[in-house]
Amino acid sequence: MSEYDAPADFDDLSRIDVAYTTVGNDGYPLQVYVDLKEYKIERELEERPLDVRQYSSLEELIENELKGMDFQELVAVTEAEIQTALAAAEEEVALSDLPVYRENFDYARECREVETYRISLQANIACKEAIEQAISQSYDGRRLAEGTAAKVMNQFGAERVLYVLANTIQQKEWDGRFTYPNKEWAKTVSIPPNMDSFGMDRNYAFAVSSHPGLIDLFVTQARKEMERQPRTSVREQLRQAQKETGKKAPATHKKKEPER
């Protein structure tokens, strides 16, 4: 076990590293840092979030955590907690790689893709619930913490998060608490109606139910995060498609004009 020997670095008040060690039978790295901007202590296992202790003010954070800080308490974790976190990390990777099914149930049934449809729908609902939880945990009564959307996008993939958010705005298009730019963006995302036998849209199952004003802040964050991500060139997309299908794209030849 080890502890930082150097004085704490206060250049970034949102991440002040206070402890590091290895835990578990296999020696997984555990890092602990203090966020003075969002009033919390967060622990990471193998560079993935393990848990967060959130407070409502700096005074509360100091009183409950920073006064008499104990290294052993900071890094205390059971083997069961480690294995649960590792299993969750594996599931997170699987969810981020799962493609979004963009057709409705009727199409899926006709094409015998119902199982694919259901798996994607379950992931959409899980993503919706993760967004609701992230908003609840990251809103301090004044603003939504930076990086809130990015964490959910890392877990479920940017494509699914944006799909769920666009669906949410489309389902609640009448609500004036969504800003005009976000409403216009949502219109650009193609989501077919998905009516059941009672005339209810099945897509409402993955519409985020948080306060519309907070959803709007989350949407803005997610869209900015997407803009920061490197874009894939058309050539690279074609190469990837060829790799997945195992086929070469047919060469395009310019039609020869008849001689005159």
Side-chain angles (χ1 to χ4, degrees), residues 1-24 28-89 92 126-156 161 165 177 179 208-222 224-225 228:
M1 296 179 68
S2 59
E3 188 173 3
Y4 289 117
D5 295 324
D9 184 354
F10 290 92
D11 288 343
D12 182 2
L13 295 181
S14 66
R15 188 182 177 97
I16 302 173
D17 296 312
V18 293
Y20 172 85
T21 187
T22 54
V23 296
Y28 298 105
L30 175 69
Q31 193 158 351
V32 187
Y33 68 89
V34 176
D35 185 340
L36 294 179
K37 291 184 177 180
E38 302 297 336
Y39 320 132
K40 63 183 179 181
I41 283 190
E42 187 161 355
R43 302 196 300 175
E44 293 179 347
L45 183 70
E46 286 207 312
E47 300 183 351
R48 290 179 176 274
L50 175 63
D51 54 31
V52 179
R53 297 200 288 271
Q54 180 72 58
Y55 296 93
S56 59
S57 66
L58 181 60
E59 291 76 15
E60 189 178 0
L61 172 65
I62 293 172
E63 184 64 30
N64 290 276
E65 298 285 355
L66 304 186
K67 274 187 178 180
M69 183 181 290
D70 183 84
F71 176 74
Q72 297 298 335
E73 290 182 2
L74 285 175
V75 300
V77 60
T78 66
E79 187 66 27
E81 290 172 329
I82 293 171
Q83 295 306 318
T84 299
L86 294 174
E92 184 176 304
C127 179
K128 165 246 187 194
E129 292 172 348
I131 292 171
E132 292 169 349
Q133 184 178 16
I135 290 174
S136 176
Q137 293 177 345
S138 302
Y139 182 65
D140 63 1
R142 295 170 297 172
R143 63 191 181 89
L144 195 65
E146 293 181 11
T148 300
K151 288 182 178 180
V152 184
M153 293 170 84
N154 288 337
Q155 181 180 358
F156 288 90
V161 171
L165 292 173
R177 288 169 288 189
T179 55
V208 181
S209 61
S210 305
H211 187 283
L214 299 182
I215 298 173
D216 193 73
L217 293 175
F218 190 97
V219 172
T220 300
Q221 264 196 23
K224 288 181 179 178
E225 180 65 25
R228 282 196 288 267

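All values reported here derive from a predicted model rather than from experimental measurement.
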Main-chain N/O of [Y] paired to [X] side chain as donor or acceptor, under 3.5 Å:
X	Y	answer
Arg43	Leu30	no
Asp216	Pro212	no
Gln221	Ala145	yes
Glu132	Val208	no

Legend entry - side chain to side chain contact (heavy atoms under 4.5 Å, CB included) partners of Leu217, counting only residues at least two apart: Leu144, Leu214
Legend entry - Lys67 vs Ile62, side chain to side chain contact (heavy atoms under 4.5 Å, CB included): CA-CA, chis, key distance, verdict: CA-CA 6 Å; Lys67 274 187 178 180; Ile62 293 172; 4.2 Å; yes
Distance (rounded to the nearest 0.5 Å) between [X] [atom1] and [Y] [atom2]:
X	Y	atom1	atom2	value
Ile41	Asn64	CD1	CG	9.5 Å
Lys40	Ser14	NZ	OG	8.5 Å
Ile135	His211	CD1	NE2	11.0 Å
Glu46	Ile82	CD	CD1	10.0 Å

Which heavy atom of [X] sits nearest to which heavy atom of [Y], and what is that distance?
X	Y	result
Ala19	Val75	CB-CG1, 4.2 Å
Thr21	Val23	CG2-CG1, 3.8 Å
Val32	Leu74	CG2-O, 3.8 Å
Ser210	Ile215	O-CD1, 3.2 Å
Glu60	Ser57	N-OG, 3.1 Å
Ser138	Thr148	CB-OG1, 3.2 Å

Legend entry - Close side-chain approach of Tyr39 to Ser56, heavy-atom, < 4.5 Å: no
Inset, instruction - Flag the pair Val34 / Glu65 as yes when at least one side-chain heavy-atom distance between them is below 4.5 Å, and no otherwise. - result: no
Inset, instruction - With Tyr28 as reference, evaluate Thr22, Val77, Leu45 under the side-chain contact (heavy atoms from CB on, under 4.5 Å) test and give the passing residue. - result: Leu45
Inset, instruction - Check salt bridge (Lys or Arg N to Asp or Glu O under 4.0 Å) between Glu79 and all other residues, then give those that pass, not counting sequence neighbours. - result: none
Legend entry - Check against side chain to side chain contact (heavy atoms under 4.5 Å, CB included), Glu38 and Arg143: CA-CA 10 Å; Glu38 302 297 336; Arg143 63 191 181 89; 3.1 Å; yes
Legend entry - Working for side chain to side chain contact (heavy atoms under 4.5 Å, CB included), residues Phe156 and Ile131: CA-CA 10 Å; Phe156 288 90; Ile131 292 171; over 6 Å; no
Legend entry - Residues Asp17 and Arg15 bridged, charged N to O under 4.0 Å: yes
Legend entry - Atom CD of Glu146 with >12 non-hydrogen neighbours under 6.0 angstrom: no
Inset, instruction - Check the pair Leu61 / Leu36 against side chain to side chain contact (heavy atoms under 4.5 Å, CB included), numbers first and verdict last. - result: CA-CA 8 Å; Leu61 172 65; Leu36 294 179; 4.0 Å; yes
Inset, instruction - Using distance alone, with no hydrogens and no angle criterion, decide if Glu42 and Tyr33 have a side-chain donor and acceptor under 3.5 Å apart. - result: yes
